[in-house]
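Data first, discussion second: the structure below is written as structure tokens.
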Amino acid sequence: MSRFVQGLSLWFAPRRIREEGETPDYRFSLANERTFLAWIRTALALIGGGFAVDQFLPDLRWAVRVGLALALLAAGVLCALRAVNHWIRCERAMRRGEDLPVSRFPAVLSLTVAVVAIAMVVLVVFGRAG
């Protein structure tokens, strides 16, 4: 089984993680879970923002409104998927006594949100009418 499929299968069978390495201090596992929940809250906020842009900014040109909404919705979906993936990777690393995994995802997510925010600022300052 490929490493990707094996990692993906842990999303739906997290008990299998217990088979790896040693049980870490429960405080670290709980901190990992809190981080997961923070990522999920971020994903929900991004999804809500995407719907808000689509529903509450009808004066925007259709393409602009849909583009901004889809960017936020896509970021929310990716954030939710990344949350579970990161939780699994961190839990495995702690059990194996390895360094915690690093990721470029926070930078990509931040840039996506920043680009959408800059676009919104430009629209507010220079007019929203399409």
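The distance from the CD1 atom of Ile17 to the SG atom of Cys90 is 10.5 Å, given to the nearest 0.5 Å. Atom CG in Asn32 sits 9.0 Å away from atom CD1 in Ile88 (nearest 0.5 Å).
Under a 4.5 Å side-chain heavy-atom criterion applied to ILVMFWY residues, the cluster that includes Phe51 comprises Ile47, Trp62, Val66, Leu70, Leu73 as well. With side-chain heavy atoms closer than 4.5 Å counting as contact, directly or through intermediates, the hydrophobic cluster containing Leu30 also holds Tyr26. Residue Phe28 is found in a hydrophobic cluster whose other members, listed by chain and number, are Met94, Leu100; membership requires side-chain heavy atoms under 4.5 Å apart, directly or through intermediates.
With sequence neighbours left out, the salt bridge (charged side-chain N to carboxylate O under 4.0 Å, His left out) criterion links Arg41 to no other residue. For Glu20, the salt bridge (charged side-chain N to carboxylate O under 4.0 Å, His left out) partners two or more places apart in sequence, or in a different chain, are Arg92, Arg96. Asp99 meets the side-chain hydrogen bond (donor to acceptor under 3.5 Å, both in side chains) test with no other residue; sequence neighbours excluded. With sequence neighbours left out, the ring-ring contact (aromatic ring centres under 6.0 Å, His included) criterion links Phe105 to Trp39.
The salt bridge (Lys or Arg N to Asp or Glu O under 4.0 Å) contacts involving residues 21-38 comprise Asp25-Arg27, where partners must be two or more places apart or lie in separate chains. Sorted by first then second residue, the side-chain hydrogen bond (donor to acceptor under 3.5 Å, both in side chains) pairs that include residues 69-88, not counting sequence neighbours, are Arg82-Asn85, Arg82-Ser103. Pairs passing the salt bridge (Lys or Arg N to Asp or Glu O under 4.0 Å) check and including a residue from residues 45-54, sequence neighbours excluded, read Asp54-Arg65. Applying the salt bridge (Lys or Arg N to Asp or Glu O under 4.0 Å) test to residues at least two apart or on different chains, none of the pairs has a partner in residues 110-122.
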Only distances under 3.5 Å count here; give the side-chain donor-acceptor pairs of residues 106-125 to other protein atoms, sequence neighbours excluded, each with its distance to 0.1 Å.
| residue | atom | partner | partner atom | Å |
| --- | --- | --- | --- | --- |
| Ser110 | OG | Pro106 | O | 2.8 |
| Thr112 | OG1 | Val108 | O | 2.9 |

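For the pair Val102 and Arg89, the tightest heavy-atom approach, listed with the atom from each and the gap, is O-NH2, 3.6 Å. Closest heavy-atom contact between Ala43 and Gly76: CB-O, 3.3 Å.
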